[in-house]
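Worth saying up front: this structure is predicted, and the values here are computed from it rather than measured. The figures here come from the full heavy-atom set of this structure, side chains too, leaving out hydrogens, waters and symmetry mates.
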Amino acid sequence: MEIILLEHVDKLGKMGDKVNVKNGYARNYLLPSKKALRATEANVAFYENKKAELEAHNKALLEEAGKKAEALKGYSAILIRQAAETGQLYGSVTIRDIAAAIKESGFDIERRCVFLERPIKDLGVYEVKLNLHPEVTQTILVNVARTDDDAKKQAKAFENN
């Protein structure tokens, strides 16, 4: 299906690009989330009329994401969890846990912005990527420990490496 992108989409294209994608991807994700329009003549004309407005909106979102990225620079979240003597957690730390810890610190971050390849299942300090905007990312540290004292020790050890 040929579509017109209304915003930058990773690994697909920039705003205004006409791209071919699989029908399911377009129908189930891009169209419902208002990231794209079908590339019909009427929609092409609609996009051309709204192009300046869409670019201004995208620029505002980009600036807001840049401000959030600057505010989060050097941020470290501490998550206290129960763990076995070997350091393996009783459960895991997920995207939801990380997003909640960031929100508790006063930052307005949505859960979908947190990128974690797999849940954290061991104690330690981890680098977690935040996708604040398709063009803006920030890396934060997540310190998973049993107690606050352990978290401080782990943070010092991580800094020394």
Side-chain angles (χ1 to χ4, degrees), residues 3-17 19-22 24-36 54-161:
I3 58 169
I4 304 167
L5 294 176
L6 297 178
E7 63 183 58
H8 180 90
V9 179
D10 279 343
K11 300 178 185 172
L12 195 56
K14 295 183 180 182
M15 185 171 72
D17 290 351
V19 294
N20 282 315
V21 296
K22 293 190 177 187
Y25 183 51
R27 273 192 248 122
N28 296 328
Y29 177 67
L30 294 173
L31 298 175
S33 62
K34 308 271 191 252
K35 293 180 184 277
L54 291 169
E55 286 177 350
H57 178 69
N58 189 39
K59 187 175 181 182
L61 290 175
L62 180 64
E63 289 174 3
E64 183 181 327
K67 290 176 185 175
K68 282 183 186 177
E70 277 298 313
L72 285 165
K73 198 170 195 173
Y75 175 77
S76 177
I78 298 174
L79 299 172
I80 305 300
R81 297 287 187 265
Q82 292 181 345
E85 291 300 318
T86 59
Q88 190 170 5
L89 297 176
Y90 298 133
S92 63
V93 174
T94 62
I95 290 171
R96 178 176 286 153
D97 299 326
I98 295 168
I102 295 170
K103 276 195 177 193
E104 285 177 16
S105 298
F107 295 103
D108 186 30
I109 299 293
E110 296 178 28
R111 193 170 69 204
R112 65 180 172 83
C113 294
V114 179
F115 178 74
L116 195 61
E117 288 184 22
R118 64 184 73 83
I120 298 170
K121 297 188 178 202
D122 294 311
L123 296 174
V125 180
Y126 299 90
E127 291 184 354
V128 176
K129 183 177 166 186
L130 300 178
N131 296 322
L132 303 172
H133 185 270
E135 300 170 23
V136 178
T137 60
Q138 182 61 273
T139 302
I140 64 168
L141 296 178
V142 175
N143 191 342
V144 182
R146 286 189 194 105
T147 64
D148 286 329
D149 292 336
D150 288 347
K152 290 175 186 174
K153 289 176 188 174
Q154 287 178 174
K156 283 182 184 177
F158 185 78
E159 288 173 8
N160 293 335
N161 289 339

- Message: Minimum heavy-atom separation for Y126 and I120, please, with both atom names.
- Response: CE1-CG2, 3.2 Å

- Task: Determine, stepwise, if the pair D122 / Q88 fulfils side chain to side chain contact (heavy atoms under 4.5 Å, CB included).
- Result: CA-CA 4 Å; D122 294 311; Q88 190 170 5; 3.8 Å; yes

- Query: Between K68 (side chain) and D108 (backbone), is there a donor-acceptor pair under 3.5 Å?
  - Reply: yes

- Supply the atom-to-atom distance I95 CD1 to E110 CD, rounded to the nearest 0.5 angstrom. 13.0 Å

- With distance as the sole test, does D150 use its side chain to make a donor-acceptor pair with the main-chain N or O of A145 at under 3.5 Å? no

- Straight-line distance of D97 CG to L79 CG, nearest 0.5 Å: 6.5 Å

- Note on the structure: Residues A77 and A101: closest non-hydrogen pair is CB-CB, 4.3 Å

- L116 versus T94: any side-chain heavy-atom pair under 4.5 Å? no

- Query: Taking all non-hydrogen atoms of both residues, which atom of V136 and which atom of A69 are closest, and how far apart?
  - Reply: CG1-CB, 3.8 Å

- Note on the structure: Taking every heavy atom of S92 against every heavy atom of L89, the minimum-distance pair comes out as CA-CD1, 4.3 Å

- Note on the structure: Minimal heavy-atom distance between L12 and V19, with the atoms involved, is O-CG1, 3.8 Å

- Note on the structure: In this structure, CD of Q154 is separated from OG of S76 (nearest 0.5 Å) by 10.5 Å

- Message: As an exercise, state the distance from OG1 of T139 to NZ of K73, rounded to the nearest 0.5 Å.
- Response: 11.0 Å

- Where is the tightest heavy-atom contact between K14 and D17, given as atom of each residue plus distance? N-OD2, 2.8 Å

- Query: Between I80 and R146, does a side chain to side chain contact (heavy atoms under 4.5 Å, CB included) hold up when you go through it step by step?
  - Reply: CA-CA 5 Å; I80 305 300; R146 286 189 194 105; 5.8 Å; no

- Message: Do L6 and K35 make a side-chain contact, defined as non-hydrogen atoms from C-beta onward lying under 4.5 Å apart?
- Response: no

- With a 4.5 Å limit on heavy-atom distance, are the side chains of I109 and L72 in contact? yes

- Distance col, row Y75:OH vs L141:CG, nearest 0.5 angstrom, shows 10.5 Å

- Item | Intermediate values then yes/no, side chain to side chain contact (heavy atoms under 4.5 Å, CB included), H133 and N58 | CA-CA 10 Å; H133 185 270; N58 189 39; 3.2 Å; yes

- Message: Nearest 0.5 angstrom please: N160 CG to K156 NZ, how far?
- Response: 9.0 Å

